[in-house]
Amino acid sequence: MRQIDHFIAGGAGREADGRTGEVFDPNSGVVQARVPLGGKAELDRAVAAAKAAQPAWAVTNPQRRARVMFKFKELVEANMDELARLLSSEHGKVIADAKGDLQRGLDVIEFACGIPHAMKGEYTEGAGPGIDVYSMRVPLGIGAGITPFNFPAMIPMWMFGVSVAVGNAFILKPSERDPSVPVRLAELFREAGGPEGILQVVHGDKEMVDAILDHPDIAAVSFVGSSDIAQYVYSRGVAAGKRVQAMGGAKNHGIVMPDADMDQVVNDLAGAAFGSAGERCMALPVVVPVGEDTAERLREKLIPAIQALRVGISTDEEAHYGPVVTAAHKKKVEDWIATAEAEGGELVIDGRGFRLQGHEDGFFVGPTLIDHVTPDMESYRNEIFGPVLQIVRAKDFEEAVMLPSKHQYGNGVAIFTRNGHAAREFAARVEVGMVGINVPIPVPVAYHSFGGWKRSAFGDHNQHGMDGVRFWTKTKTVTQRWPDGSVTGENAFVIPTMG
Ligand code: NAD
């Protein structure tokens with residue numbers, strides 16, 4: 001049995017008698033590795049190594065830090081095939097998706113290669129007589145990241161890409177479901193010239209998360225995962241005096257206006273609702289056709305498109321999507337389908353009980369389509385996070401704007417239309433953080449920033465881009481004057497008074 005280890009500089013290693021967790025191969029349902037579930041002892045070692053390394057890293061000039069990021073990017077690219085296979089074997093997403101996961105993370109590393117520019121402060125000459133004011137961005141010290149299973153490469157890179165580039169040490173606690181790629185990334189960072197102790201990985205579950213949240217030497221925590229845990233992490237971390245950003249769950253809606261190009265919509269929905277088995281926080285699991293006629297036209301085209309989807313093992317190049325991550329998650333998704341039916345949803349295509357020949361014990365869920373879903377249903381109000389598409393029919397544009405706006409989640413939303421005015425109006429009014437106009441998965445590029453609203457994000461800074469730089473640094477502002485020695489005229493210091 002493969003044993004995964006922490007990546008702690010200065011004395012790595014799991015505790016011999018420590019707890020462990022199982023890492024499955026979702027294609028076969030077999031346990032393929034064990035991961036240590038650590039706690040305070042391992043974290044203390046990681047923090048000690050981080051503390052020893054961070055001051056020198058912080059004063060390494062930003063261009064040199066950027067060179068490490070350049071080299072790291074090169075190494076990830078050189079190892080792309082191996083990393084994608086490893087990622088796919090633990091997560092279950094198909095290889096092309098696994099490469100996408102890595103590539104979207106690398107986009108942030110590319111942003112981090114420009115950190116000397118992004119870190120520049122502001123300057124005002126002559127803010128008063130002979131007085132200049134300038135600001136600088138200072139790293140926080142030690143940052144930590146707690147990440148979900150669904151993007152084991154991209155989300156860690158969202159966080160550590162920016163955090164280490166600005167001069168912090170970073171401790172990553174990845175999901176215990178697919179922890180191997182995060183460890184490989186930390187190894188490659190070392191190989192790229194990153195100093196020991198600057199990027200470390202500790203494994204675990206709630207016990208490790210709590211140790212991170214309570215640790216007095218960790219200045220900031222970035223979390224991505226489900227909303228209840230995000231809120232918990234946010235509250236506990238803030239109570240301990242830390243800076244915390246905590247991204248949560250999602251239920252993204254795709255609004256289909258009567259004038260939308262229906263073939264395009266169906267093609268986009270097939271990828272956005274079912275790609276990666278629906279395990280994306282920017283998936284589109286709810287489609288909202290506007291008007292009955294639109295709903296009927298959409299449904300007619302959706303059914304054959306969904307029936308044509310190929311579910312396969314994650315190395316099957318023809319497969320649209322692979323298994324979900326664990327047996328427990330498969331059960332949860334199937335339970336939600338049952339709930340939707342019991343609540344009165346029309347189960348048009350039922351993916352429960354799907355068995356892939358030759359892989360009968362894999363965690364597969366067939367594509368599912370549920371029509372006539374209404375806002376009062378629990379299966380609508382909650383995140384399913386599986387290959388399930390729900391149709392909620394809206395009578396008009398107004399109702400279509402209100403549905404995502406009133407939902408507890410506000411991560412992403414999309415509108416499909418040929419009408420620029422409607423699209424503009426929708427983007428301005430909808431209460432959601434990321435909006436797509438004829439773009440089904442509107443994940444902002446790395447030099448913008450990623451973040452939802454409402455229960456999709458707690459805290460006030462988004463991930464990556466300039467928001468990431470703001471989150472991972474604190475601002476120091478200097479007001480200076482250089483008097484010439486005479487104490488008259490301009491050089492006489494006067495305490496400013498009102499009036
Ligand atoms: P999760 O909340 O179960 O786990 C996330 C992290 O929290 C993991 O590292 C896990 O070990 C830790 N954790 C789990 N239980 C905990 C507990 N009781 N106390 C403290 N820590 C705990 O999420 P997941 O199932 O790994 O990921 C899927 C979720 O993440 C979905 O809800 C999805 O929408 C969300 N997500 C959100 C975004 C976003 O940017 N908003 C992006 C990706 C995923």
Side-chain angles (χ1 to χ4, degrees), residues 101 104-105 107-112 118 137 140 143-163 165-166 168 170 172 175 220-235 237-238 242-254 272 279-285 383 385 404-415 426-437 439-474:
D101 190 332
R104 293 310 293 249
D107 292 354
V108 175
I109 303 302
E110 284 171 4
F111 171 78
R137 295 193 182 280
L140 304 173
I146 300 160
T147 52
F149 81 84
N150 70 323
F151 279 98
M154 175 185 81
I155 294 178
M157 284 193 264
W158 279 359
M159 299 174 180
F160 77 69
V162 180
S163 187
V166 300
N168 294 306
F170 189 87
L172 172 66
S175 170
V221 175
S222 180
F223 173 91
V224 178
S226 50
S227 289
D228 287 348
I229 298 174
Q231 187 165 14
Y232 165 77
V233 164
Y234 182 73
S235 314
V238 166
K242 298 183 198 317
R243 199 178 269 208
V244 184
Q245 57 178 189
M247 275 58 188
K251 189 87 173 182
N252 306 325
H253 295 51
E279 294 169 318
R280 291 181 181 139
C281 66
M282 288 296 275
L284 265 193
E383 181 180 42
F385 221 54
S405 296
K406 287 192 172 155
H407 201 280
Q408 62 166 329
Y409 297 120
N411 216 38
V413 71
I415 184 167
F426 180 79
R429 287 178 51 199
V430 71
E431 295 281 326
V432 172
M434 293 173 280
V435 181
I437 296 174
V439 172
I441 305 186
V443 176
V445 289
Y447 45 94
H448 283 255
S449 68
F450 182 107
W453 288 6
K454 299 179 281 184
R455 284 186 64 74
S456 294
F458 302 86
D460 57 6
H461 278 112
N462 282 354
Q463 298 278 351
H464 63 72
M466 284 310 293
D467 253 21
V469 175
R470 283 180 207 108
F471 182 76
W472 292 112
T473 56
K474 51 196 175 191

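- Judged by distance alone, with hydrogens and angles left aside, the side-chain atoms of Ser456 form a donor-acceptor pair with the main-chain N or O of Gly249 at under 3.5 Å.
- Taking the six-membered ring for Trp and thresholds of 30 and 60 degrees, Trp472 and Phe170 have ring planes more than 60 degrees apart, a perpendicular arrangement.
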Review point. Is there a side chain to side chain contact (heavy atoms under 4.5 Å, CB included) between Val224 and Thr147 once you walk through the steps?
Key: CA-CA 5 Å; Val224 178; Thr147 52; 5.5 Å; no
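- A donor-acceptor distance shorter than 3.5 angstrom exists from the side chain of His464 to the backbone of His448, with no hydrogens or angles considered.
- Judged by distance alone, the side chain of Thr473 and the main-chain N or O of Val469 form a donor-acceptor pair under 3.5 Å.
- With sequence neighbours excluded, no residue forms a side-chain hydrogen bond (donor to acceptor under 3.5 Å, both in side chains) with Asp460.
- Every pair tested for side chain to side chain donor-acceptor pair (under 3.5 Å) that includes a residue from residues 148-159 fails, sequence neighbours excluded, so the list is empty.
- In this structure, His461 contributes its side chain and Gly459 its backbone to no donor-acceptor pair below 3.5 Å.
- Remark: Glu431 pairs with no residue by the side-chain hydrogen bond (donor to acceptor under 3.5 Å, both in side chains) rule, at least two apart or across chains.
- Side chain of Asp101 to backbone of Ala153: a donor-acceptor contact under 3.5 angstrom is found.
- Within the 3.5 Å criterion, the main-chain N or O of Ser405 finds a donor-acceptor partner in the side chain of Lys454.
- Formation of a donor-acceptor pair under 3.5 Å by the Asn252 side chain with backbone atoms of Cys281 is found in this model.
- Arg137 meets the salt bridge (Lys or Arg N to Asp or Glu O under 4.0 Å) test with no other residue; sequence neighbours excluded.
- Scanning for side-chain hydrogen bond (donor to acceptor under 3.5 Å, both in side chains) contacts around Ser449 gives Asn462, with sequence neighbours left out.
- By the side-chain hydrogen bond (donor to acceptor under 3.5 Å, both in side chains) test, Gln245 is found to be paired with Ser222, Gln463, residues two or more places apart in sequence or in another chain being considered.
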Check your understanding: Run the side chain to side chain contact (heavy atoms under 4.5 Å, CB included) check on Asp107 and Val445 step by step: do they pass?
Key -> CA-CA 8 Å; Asp107 292 354; Val445 289; over 6 Å; no
Practice item. Would you sort out whether Met157 and Phe151 count as a side chain to side chain contact (heavy atoms under 4.5 Å, CB included), showing the intermediate values? Key: CA-CA 10 Å; Met157 284 193 264; Phe151 279 98; over 6 Å; no
